[in-house]
Amino acid sequence: MENKNKFEFPKDFLWGAAAASYQIEGDNKNSDWWRWEEMGKTTDKSGRACDYWNQYKKEHDLLEELGVNAFRISLEWSRIEPEEGKFSDENIKHYREILEDLKRRNIKRVVTLWHWTSPIWFADKYGFHKKKSVEIFVRYCEKVIDELGDLIDIYVVFNEPMVPLGLGYMGGTFPPGYKNPFKFYRALKNIVDSYIESYKIIHKKYKDAQVGISYLYNWYEKSDSGLVNFINKISNWWRIDLLGDKIRNYQDYIGIDYYRVGRIRFDFRNIKLDVKNQNYFGFTIDEDDNNIMKWIAYPEGLQKVIKEVCPKYKLPIYILENGLPTHMGLNDEERVRFISNHIFYMKKAMQGGSNVKGYFHWSLLDNYEWLYGFGPRFGLVEVDYETFGRKPKKSFYAYQKIIKNSLEQN
Ligand code: BGC
């Protein structure tokens, strides 16, 4: 007998994988992160990363094999504009080839314009704390729209801006390495202005474009302690509303990057600021010692986050990142469970009426994980950094099956 309650994903649901240019392309020598690496601020240097810049067709073959209908990728500003005001036709052409290749394979292009990296000239002369940065960023954005806009389906103008703002202007661990609340506040304001201006110019040329940002939106759990709940509120305001409220009327969707649960505790014997070890003046976040980045996976949290976001913004939602850091290995049972459990809870949220329009797994490949280098592996596909060989993991086939079943329903 047919089960009337059986859930079917909408026909136009986007199943995807996500990545960022700096983390996979390799040799991004004009970027401020490259210099950050040279300064010894990271565990490893990115070097050739996964060599996606040259070997992108291999990745696109894998995407086809996986069966996704969308890929989230970013553009590296320092390749498009290697010198101030001078755009590289050659590199823009290369990005066109990459995007066209995806289009040929019927894979929609979800493109991030800024995934944490800026050209060195921009970092030196401007930086987002300078007012002029707005004009400079918007000029880059305009160039992208003019040259590549016909190939972009969804724009993610900024990826999780609060992360590089917090770590680069308050924590000092990301470039530009400041610990300065005034500069932080100015940079936040300029990112907001850059975003709103970019939103308007994208819509001027492409009326129906979907434009937004991604928020790092982990689930922070309530506690028995009033103090911790108060800190939870502040942390939510800091991570989401401080920026989200300012751009509220300029978003076509809400992009959620969801990874884990944060259970905050307070220890008055351990009061210090140690961002790398997640100690914020005595407030720490529970850790999973078995996980390479100590993150606690919590699939139910995805449903909770979606339920929190929906009434707040009343916009469609894309899960633009969701993934698990593990040690190297092909037999990644943990990731297999992670994916199916998270999709289960996303589905529950959708059954409850939430308008989720896509799920993008982070990440297609094992890639360069910023401060932590090549240690944590997030990929559905393992990469050998010497030969650049790629091997799909168990989770690749598990995700492939989920996508296939969902698409076959329609
Ligand atoms: C970032 C990615 C990063 C991932 C895992 C996300 O917040 O957008 O660039 O690799 O988290 O840490």
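Every number for a ligand or one of its atoms is a count from 1 in the order of the listing.
Test Phe158, Phe137, Trp114, Phe87 against Trp77 for ring pair (Phe, Tyr, Trp, His ring centres under 6.0 Å) and you get one pass: Phe137.
Using a cutoff of 4.0 Å between basic side-chain nitrogens and carboxylate oxygens, Lys205 and Glu142 are not scored as salt-bridged.
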Task: side chain to side chain donor-acceptor pair (under 3.5 Å) evaluation trace for Asn159 with Arg72 - done: CA-CA 11 Å; Asn159 176 68; Arg72 179 182 171 206; 2.9 Å; yes

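With respect to atom 6 (C) of ligand 1, the closest heavy atom belonging to the protein is Glu321 OE1, 2.9 Å. Of the protein's non-hydrogen atoms, Glu369 OE1, 3.6 Å is the one closest to atom 3 (C) of ligand 1. Distance from atom 4 (C) of ligand 1 to its nearest protein heavy atom, with residue and atom name: Tyr259 OH, 3.4 Å.
Annotation: ring-ring contact (aromatic ring centres under 6.0 Å, His included) contacts of Tyr280 (sequence neighbours excluded): none.
Of all atoms in ligand 1, numbered sequentially from 1 with element shown, those under 4.0 Å from a heavy atom of His115 are 1 (C), 2 (C), 8 (O), 9 (O). Close approach of ligand 1 to Glu160 is summarised as follows: ligand atoms under 4.0 Å from at least one heavy atom of the residue are 1 (C), 6 (C), 7 (O), 8 (O). Using a 4.0 Å cut-off to heavy atoms of Phe378, the atoms of ligand 1 that qualify are 5 (C), 12 (O).
For Asn159, every heavy-atom contact with ligand 1 shorter than 4.0 Å involves the side chain, none the backbone. Residue contacts with ligand 1, taken as heavy atom pairs separated by less than 4.0 Å, involve Trp295 solely via side-chain atoms from C-beta onward.
Ligand 1 has no atom lying under 4.0 Å from any heavy atom of Tyr372.
Looking only at atom types and distance, the side chain of Lys58 has a donor-acceptor partner in the side chain of Gln55 under 3.5 Å away. Side-chain atoms of Ser21 and Ser74 form a donor-acceptor pair, as typed in the model, at a separation below 3.5 Å.
Polar contact check, Asp257 against ligand 1: no nitrogen or oxygen pair lies under 3.5 Å apart.
Classified by interplanar angle (parallel below 30°, tilted 30° to 60°, perpendicular above 60°), the ring pair Tyr368/Trp370 is perpendicular.
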